[in-house]
Protein chains: 2
Amino acid sequence: MSAQPVAQAAEARGTFGGDMDKGSGPVTLRMIADEVGVNVSTVSRVINSSDKEARRWASSDMIDRIRTVVAARGYQRNPHAASLRTRRSGLVGVLVPRLQDFVLATVYEGIEEAATEQGISTFVTNSLDRPENQASRTELMLSRRVDGLIFGDAHTGDPFLDTLAKRGIKFTLVSRRSGDHISATCDDIMGGRLVAEHLLATGRRDIGILSGRDYASTGNDRTAGVVQACLEAGIRIRPERIVHGGFDAPGGRQATERLLVQGGCPDAIFATNDFAAIGAMGVLRDRGITVPDDVAIVGYNDTPLAAELSIPLTTIHSPMHEMGRAGLNLLLAMLRGEPVESVRLAPELIVRASTAS
Amino acid sequence: MSAQPVAQAAEARGTFGGDMDKGSGPVTLRMIADEVGVNVSTVSRVINSSDKEARRWASSDMIDRIRTVVAARGYQRNPHAASLRTRRSGLVGVLVPRLQDFVLATVYEGIEEAATEQGISTFVTNSLDRPENQASRTELMLSRRVDGLIFGDAHTGDPFLDTLAKRGIKFTLVSRRSGDHISATCDDIMGGRLVAEHLLATGRRDIGILSGRDYASTGNDRTAGVVQACLEAGIRIRPERIVHGGFDAPGGRQATERLLVQGGCPDAIFATNDFAAIGAMGVLRDRGITVPDDVAIVGYNDTPLAAELSIPLTTIHSPMHEMGRAGLNLLLAMLRGEPVESVRLAPELIVRASTAS
DNA sequence: CTGAAAGCGCTTACAG
DNA sequence: CTGAAAGCGCTTACAG
């Protein structure tokens with residue numbers, strides 16, 4: 001708090017009942033111990049025990065007295081001292097492609113919320129999906145002595161995460177999955193199937209897919225789900241109907257333009273992200289193609305804007321917040337040494353005007 | 001890294017050249033010192049000095065040898081130990097209304113970027129603009145021993161920040177200003193003036209304003225700028241032309257509906273936020289009011305979506321990223337004890353189809 | 001049930 | 001120029 005050096009005046013503290021703070025900084029365990037008239041170790045034990053456990057360490061009278069003084073003085077443990085001693089920091093590092101992305105911001109909110117509930121603090125940073133950033137930011141997090149990491153930017157087939165796992169570093173993935181690493185994701189294959197089934201049921205037969213980045217399991221799984229479901233219905237989606245690109249509006253715009261050029265206009269477009277769907281709608285509008293009469297459009301994620309669009313967007317609701325919470329809780333379980341398994345959350349189809357013919 | 005207790009095997013370390021790690025956890029200063037054959041204090045001094053300063057503390061031969069071993073072993077200082085000793089954590093807490101909000105996510109990106117450059121780490125959390133959260137999250141940040149705080153959720157007239165300042169807590173504001181507290185903001189009054197000047201120059205005379213939350217200086221200043229500039233042009237904006245509401249699309253929708261009800265349709269609407277502008281456009285479209293022929297629309301912030309809309313949006317570009325950087329750097333200067341002054345960044349008008357008649 | 005001691009990994013006066 | 005010591009605020013065997 002104060003800029004002045006606090007000096008080594010630890011012994012000069014009053015016996016007990018001294019009510020003034022003397023500007024000597026935050027309350028320490030020693031101050032509490034002195035005021036109660038007991039050893040710091042006793043205070044430490046009481047503070048770090050539940051009501052029941054505490055009984056094993058101290059008389060109930062002692063427990064009451066300590067708790068009273070702790071509350072009265074507003075004691076807060078110094079986390080740096082505790083971390084130094086216990087070798088656990090209660091810190092988690094989170095890497096996301098970009099926090100500006102509504103989807104990842106929401107996932108992170110879930111992570112942060114669950115972390116706070118568990119007394120954990122998080123650092124977040126953007127990797128912009130660039131491998132060199134992923135590596136350097138991970139090392140930076142590690143140098144901050146995080147207990148574990150959560151990646152929202154996993155790249156399919158990239159050995160980076162394998163290397164990390166081999167080093168014994170604990171981490172989970174959110175939003176995107178990769179290999180056998182523990183992850184909390186939406187069941188994107190199922191999501192894709194829901195889209196295909198809806199489109200087929202409403203009479204569409206030629207589906208174009210804005211698949212997103214080729215290194216992201218999200219877009220790939222959603223695409224695979226559509227392809228599977230169509231195949232089961234006897235419809236084969238040609239390769240040129242699947243185009244990759246960015247997950248934002250400009251990315252969707254470009255991908256849509258490529259889609260139209262290379263195969264003519266389909267009767268449905270599935271954008272694996274709502275923002276890409278907005279870009280797609282822009283292109284169609286520019287070309288005088290009407291939605292949903294000429295082309296149905298489906299997005300993914302059920303972003304708030306989806307319902308606000310001039311033509312409200314049919315989309316898949318994915319539990320982004322819950323995904324973040326699960327990713328954090330999985331990591332914590334791993335750190336406790338418990339066996340953990342990946343979580344696939346259920347997607348849900350939300351039908352709106354963009355597919356209602 | 002490893003879950004097993006690392007044990008007190010500090011003395012059992014090889015003399016020098018021992019290349020294996022023995023799983024004894026991260027490299028410590030002591031290991032470096034032992035390998036170089038020098039006292040830890042010497043290593044500490046060299047590590048924490050610039051090239052020039054180091055000369056005062058050690059022979060250039062010593063400096064080289066230490067630097068070599070530090071690099072070879074990949075030594076990283078334990079920040080908890082250093083914080084405990086120095087009483088400075090290198091940690092900054094950031095409170096924003098909500099990270100899902102593109103504007104605040106971007107401001108935070110700027111904060112985080114500048115922090116990383118300066119070797120500082122940040123914690124972010126959402127307050128949802130609720131006073132009880134602002135208080136509790138601030139205390140939580142303080143219990144994490146942050147050196148200072150950055151608030152993106154300041155409420156005009158709220159004594160909370162005054163109380164904090166009185167407690168000697170160091171903080172800066174971003175995005176919104178409040179009282180005399182140090183802040184890094186866009187010059188929102190100027191931004192409002194730019195909007196009014198453009199609207200007046202293109203023949204508009206009856207401007208409705210979606211002013212946002214009444215506790216946020218952003219919306220209020222932007223509104224004030226419009227009112228001022230209009231007054232100077234001899235046009236008085238009636239109070240019922242100014243409506244408050246949320247800064248998102250639904251908020252803009254509701255505010256617009258109230259605006260239309262209570263005073264008929266204006267010939268221009270200034271939404272103090274791009275997302276609110278999107279909501280406004282939705283309402284107008286539903287009612288068959290055309291943009292820009294019947295009503296011109298202007299947003300604020302120059303969000304990427306603004307250019308992607310069916311009717312591209314005239315808006316004010318505000319340097320959100322730079323605002324975050326400035327907020328962090330101001331805080332750091334304060335912590336160094338330097339005199340600091342608030343920063344007002346220049347807004348810029350971006351004219352698009354929504355006002356081009 | 002409670003205390004005393006050691007030690008986590010650093011930094012920084014204080015000596016020399 | 002370098003070393004030795006103290007101490008930041010905790011936790012945790014180890015005694016009793």
Side-chain angles (χ1 to χ4, degrees), chain A residues 1 5-13 24-34 36-49 53-66 70 73 75-90 143-145, chain B residues 1 5-13 24-34 36-49 53-66 70 73 75-90 143-145:
Chain A
M1 252 72 315
V6 179
Q8 44 281 70
E11 63 281 10
R13 223 152 269 127
S24 43
V27 181
T28 66
L29 208 55
R30 161 147 298 287
M31 294 181 203
I32 303 294
D34 286 353
V36 178
V38 78
N39 190 280
V40 288
S41 53
T42 303
V43 180
S44 176
R45 284 186 208 105
V46 170
I47 285 175
N48 295 309
S49 313
E53 294 174 327
R55 304 298 316 257
R56 289 179 40 214
W57 296 121
S59 64
S60 60
D61 174 56
M62 184 86 298
I63 296 174
D64 284 349
R65 285 166 57 205
I66 290 174
V70 163
R73 291 285 164 269
Y75 170 76
Q76 311 251 59
R77 127 163 87 247
N78 182 320
H80 302 119
S83 298
L84 182 56
R85 187 52 233 245
T86 61
R87 292 160 163 294
R88 298 202 306 99
S89 63
S143 80
R144 314 282 206 216
R145 298 301 200 269
Chain B
M1 249 81 300
V6 179
Q8 44 281 71
E11 64 282 11
R13 223 150 272 127
S24 43
V27 181
T28 66
L29 208 55
R30 161 148 299 287
M31 294 181 203
I32 303 294
D34 287 352
V36 178
V38 78
N39 191 281
V40 289
S41 54
T42 304
V43 179
S44 177
R45 285 187 208 104
V46 170
I47 285 175
N48 295 310
S49 312
E53 295 174 327
R55 304 299 315 260
R56 289 180 40 213
W57 296 119
S59 64
S60 59
D61 174 56
M62 184 85 296
I63 296 174
D64 286 349
R65 283 166 56 205
I66 290 174
V70 163
R73 292 282 165 272
Y75 170 76
Q76 311 249 61
R77 127 162 91 247
N78 182 320
H80 302 117
S83 298
L84 183 56
R85 188 50 235 244
T86 62
R87 291 160 165 293
R88 298 203 306 97
S89 63
S143 79
R144 316 280 205 218
R145 299 301 201 268

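No hydrogens, no waters, no symmetry mates; every other heavy atom, side chains included, goes into these values. To find a chain, count down the sequence lines: A is the first, B the second, and so on, and within it residues start at 1.
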Check whether any side-chain nitrogen or oxygen of [X] sits under 4.0 Å from OP1 or OP2 of [N], and answer yes or no.
X       : N      : result
B/Thr28 : C/dG9  : no
B/Arg87 : D/dG9  : yes
B/Ser44 : C/dC10 : no
B/Asn48 : C/dT11 : yes
B/Arg77 : C/dT11 : yes

Closest listed nucleotide, where the reference is the side chain of [X] and the choices are [options]:
X       : options               : value
A/Asn78 : D/dG9, D/dT11, C/dT11 : D/dG9
B/Tyr75 : C/dT2, C/dC10, D/dG9  : C/dC10
B/Val38 : D/dG3, C/dG3, D/dC10  : D/dG3
B/Leu84 : C/dG9, C/dT11, C/dT2  : C/dG9
A/Asn39 : C/dG3, D/dG9, C/dG9   : C/dG3

Could you tell me the separation between the [atom1] atom of [X] and the [atom2] atom of [N], rounded to a whole number of Å?
X        : N      : atom1 : atom2 : value
B/Arg88  : C/dC10 : CZ    : P     : 17 Å
B/His80  : D/dT11 : NE2   : C1'   : 15 Å
B/Arg85  : C/dT12 : CZ    : C1'   : 5 Å
B/Asp34  : C/dG9  : CG    : P     : 13 Å
A/Gln76  : D/dC10 : CD    : C1'   : 15 Å
B/Arg144 : D/dG9  : CZ    : P     : 19 Å
A/Arg30  : D/dA6  : CZ    : P     : 17 Å
B/Arg145 : C/dC10 : CZ    : P     : 21 Å

Base-pairing assignment for D/dC1 (Watson-Crick or G-U wobble, both under 3.5 Å)
C/dG16

Would the base of D/dA5 count as contacting B/Ser41 through its side chain, where contact means a donor and an acceptor less than 3.5 Å apart?
no

Check this for me: does the side-chain of A/Arg45 come within 3.5 Å of the base of C/dG3 through a donor and an acceptor?
yes

Within the distance-only criterion (no hydrogens, no angle test), does the side chain of [X] pair as donor or acceptor with the backbone N or O of [Y] below 3.5 angstrom?
X        : Y       : value
B/Thr86  : B/Ala82 : yes
B/Arg144 : A/Pro79 : no
B/Thr42  : B/Val38 : no

Check: B/Asn78 and B/Thr28 side chains under 4.5 Å, non-hydrogen atoms
no

Mind checking whether A/Arg87 and A/Arg145 have side chains closer than 4.5 Å, heavy atoms only?
no

Output for pair (B/Asp34 CG, B/Arg30 CZ), nearest 0.5 Å, gives 5.0 Å

Nearest-nucleotide comparison on DNA chain D, the residue closer to the 5′ end among B/Ala81 and B/Thr42:
B/Thr42

